[in-house]
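Scope of the values below: all heavy atoms of this structure, side chains included, with no hydrogens, waters or symmetry mates.
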Amino acid sequence: MRKLLFKSLVTLPLTERGPDADDEALAALAGRLDAAVRKRLGRSLAIRMVDAGSCNGCELEIHALNNAFHDLERFGFHFVASPRHADVLLVTGPVTRNMREALERSYAATPDPKWVVAVGACALDGGIFAGGKGVAGGVGGVVPVDLHIPGCPPPPKALLGGLLALMQQQTR
Amino acid sequence: MTTTLADLFPPQSRRWARRVISAEQWLGLADRLESGAFTLVAHWAEPPLVHVALRDAAGSTGIFSVEAVDGRFPSLGGASRPARRLERTIRDLTGLEPEGAPDLRPWLDHGRDERGAARPYAFLPVDGEGLHQIAVGPVHAGIIEPGHFRFTAAGETIVRLEQRLGYVHKGLEGLMAGAPLERGARLAARACGDSTVAYSLAFAQAVEAACGVVVPPRAVALRAVMAEFERLANHLGDIGGICNDAAFSLMLTHCAILRERILRTCALLFGHRLMMDGVVPGGVSCDLAGAGEAALARLFKRIDNMLPALFALYEDTASLQDRTVRTGIVLYSLAKEFGAGGPVGRASGRPFDARRDVPYAPYDSMAFEVPVLERGDVDARVRLRFREAEQSAALLRRLLAALPAGPLRAEVPAREGEGAALVEGFRGDIFAWVRLAGDGRLAHAHLRDPSWFQWPLLEAAIEGAIVADFPLCNKSFNCAYAGHDL
């Protein structure tokens, strides 16, 4: 273990420069966030992830946000274990009938002010699973969505760009 | 009573030949499942037919069908425990009643309509003094899929774990029935996103078996390249995740770096980090990008450096092994009874790997070792993944060094027929079955995730452990939710 740790001391960090905030995402958010709210939260956002019916593809890429290359926490984002600790719900998947209530309850348990970011093609309108017998529909049909990050699944860079847009809009 | 499948099919039958049998003969199968002569591979329905796919000790495979009469069919669940959740699913999805089934509670169907609350669910009763229950999920604390775990504990010791799944049930089979082949392939690729290559491969092989398509050699090799990259990346994710659940985050950090490097190389080579939709019926959808050679050489150098270093890190950290050794033991007898595949089965001494035991190209012409361990604990499942990761890296090298030239895709004719395939994903063997309508559409498709036969073993493995060991144990299984919930 010592060898690995020493090696980490002398090698350069792997962390890459973050992408610029996604302009489209920024435009989508314009006007949604109140100035007072921005001031109160500063530059720290707690994220609770809710899989409402995804195939697990989006989860893998959300996981990748935490690796050394992307290092999400340097931007002030961190994942929390409960919606009660969260500012942002990151929701993936088409919402299934069996997850609808759990998503509604997660949203209700998240204190105000709060934002919902829908992740992936399915989260928009059910995507390829739209019309499935167990599918209730897109995330927006169940809880109000502030930002949608497209992709199947969205690569970590796209996720970062979207989240940074949310943050910038908030602190502007 | 015959105990080999070969006796039940005409000689020279193809691998997954299907026979319609009488209810009486069907019950004969139940006896052979109970005695362990046959292993259950899949069990699904296409009303009015109910199918069961089996494998015998000699490695022969076959599918049997029985016709449901008045919406009822004889249950196999009394004799075969792995059949039980599958029969509950058949009942949920098709309404066919498994007659004589020991458990008739709904499984994937939670009884919710468009808006409504769920039907109450009867968890199994637990009796005893001083017991308490802990309900976890469907929304878990980590970045993972949803499911519900109901623990009954005496103090810190788990007396019973009961799982409740189906939260991400989308109605995949319903969406696939009647879909054009191309859409069917895209749906199969999204049945379980972490195994997208393996699912696409299983689906494609089933379609190819149904209409007699021969896949060009270059496509066969590229499919295996994608499949091994997927296995390697996922095993690294699992090793890191397991160690992290024992609070050893250094391993996760380094595994995640290597995993990210692999995904980036895959994006460079195939245009998608997870290689989604890379495997299609008839072949592959893209060739290796030319620019990838230097990146590949760099990647292999890093893998060669890091894998032994990470294994040494595991090996030398006694505090970590203190958590993993003798935790969450899966007995060989259970692994065999449930036909559990993948690292869960192989870490408990069940030496099954579809690449070798129900061989398909290109593995049928490649010699490789299938690592098997006996102890069946979390430690064995970690070690097995290390060995398999090394093996995948070696296979990748061989495949890439000898890539045949030629076309990437054979045409898939619009033909009527049915076909099945068993493909080894990183979790274990994925079964796919399709019936083609003849107009280029699917009449029916069924995909069976390896987790069906692993989830129940997690319930057994955790009994008597402390609650704090559950995340560790669960991660060492890493069963699928999406693939299971359909």
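Options A:G57, A:S82, A:A64 differ in how many heavy-atom pairs under 4.5 Å they form with chain B, and the most are formed by A:G57. Contact count versus chain B (heavy atoms, under 4.5 Å) is highest, among A:E16, A:R105, A:K3, for A:E16. In terms of heavy-atom pairs under 4.5 angstrom with chain A, the leader among B:R261, B:R259, B:E173 is B:R261. The choice from B:G174, B:G142, B:A309 that makes the most heavy-atom pairs within less than 4.5 Å of chain A is B:G142. Between chain B and the options A:G137, A:G126, A:A81, the largest number of non-hydrogen pairs under 4.5 Å is found for A:A81.
Heavy atoms closer than 4.5 Å to chain B are found nowhere in A:T92, neither backbone nor side chain. For chain B, the nearby parts of A:C152 are the backbone and the side chain; heavy atoms of each come within less than 4.5 Å. Both the backbone and the side chain of A:F129 come within contact range of chain B, with heavy atoms under 4.5 Å apart. For chain A, no part of B:M176 is nearby; none of its heavy atoms comes within less than 4.5 Å. Neither the backbone nor the side chain of A:V95 comes within less than 4.5 Å of any heavy atom in chain B. Only the side chain of A:S106 has a heavy atom closer than 4.5 Å to any heavy atom of chain B. Contact annotation for B:H272: only side-chain heavy atoms (C-beta onward) come within less than 4.5 Å of a heavy atom of chain A. Proximity to chain B (any heavy atom under 4.5 Å) is restricted, for A:R48, to the side chain, taken from C-beta onward. Residue contact with chain A, scored on non-hydrogen atoms closer than 4.5 Å, involves the backbone and the side chain of B:R186 alike. Using a 4.5 Å cut-off between heavy atoms, B:F248 contacts chain A through its side chain alone, with no backbone atom that close. Within the 4.5 angstrom heavy-atom criterion, only side-chain atoms of A:L14, from C-beta onward, approach chain B. If you measure heavy-atom distances from B:L175 to chain A, the contacts under 4.5 Å come from the side chain alone. With a 4.5 Å cut-off on non-hydrogen atoms, B:L313 touches chain A through its side chain but not through its backbone. In this structure, chain B has a heavy atom under 4.5 Å from the side chain of A:L5, while its backbone stays farther away. In this structure, the portion of B:L263 lying under 4.5 Å from any heavy atom of chain A is its side chain and not its backbone. If you measure heavy-atom distances from B:I257 to chain A, the contacts under 4.5 Å come from both the backbone and the side chain.
Contact record, A:S54 with A:D51: N-OD1, 2.8 Å, taken as the closest heavy-atom pair. Summarising the geometry of A:G53 relative to A:T96, their closest heavy-atom pair is CA-CG2, 3.7 Å, with the distance given to 0.1 Å. Minimum heavy-atom separation, A:D125 to A:A130: O-CB, 3.7 Å. Heavy atoms only, all atoms of each residue included: B:S200 and B:V279 are closest at CB-O, 3.6 Å. B:D449 and B:C192 get closest at one heavy-atom pair: OD1-SG, 4.1 Å.
Residue pairs meeting the salt bridge (Lys or Arg N to Asp or Glu O under 4.0 Å) criterion with at least one partner in residues 305-318 of chain B, sequence neighbours excluded, are B:E315-B:R383.
Using modelled atom types and a 3.5 Å distance limit, the side chains of B:E230 and B:S195 yield no donor-acceptor pair. Counting only N and O atoms by type, the side chains of A:N56 and B:D194 include a donor and acceptor under 3.5 Å apart. In this structure, a donor-acceptor pair under 3.5 Å is absent between the side chains of B:D238 and B:H235.
Residues satisfying the salt bridge (Lys or Arg N to Asp or Glu O under 4.0 Å) criterion with B:R183, sequence neighbours excluded, are absent altogether. Here B:F311 pairs with B:F386 under the ring-ring contact (aromatic ring centres under 6.0 Å, His included) rule; sequence neighbours left out.
Rounded to the nearest 0.5 angstrom, A:E101 CD and B:R112 CZ are separated by 4.5 Å.
Judged by a 6.0 Å distance limit and a 45° cone about the ring axis, B:R190 is not positioned over the six-membered ring of B:Y199.
Here the two rings, on B:Y121 and B:H148, have centers that are 6.0 Å apart or farther.
Side chain of B:S249 to backbone of B:N244: no donor-acceptor contact under 3.5 angstrom is found.
With respect to the salt-bridge test (charged N to carboxylate O, under 4.0 angstrom), the residues B:R273 and B:E260 qualify.
Listed in order of number, the residues of residues 479-486 of chain B that approach chain A to under 4.5 Å between heavy atoms are B:A482.
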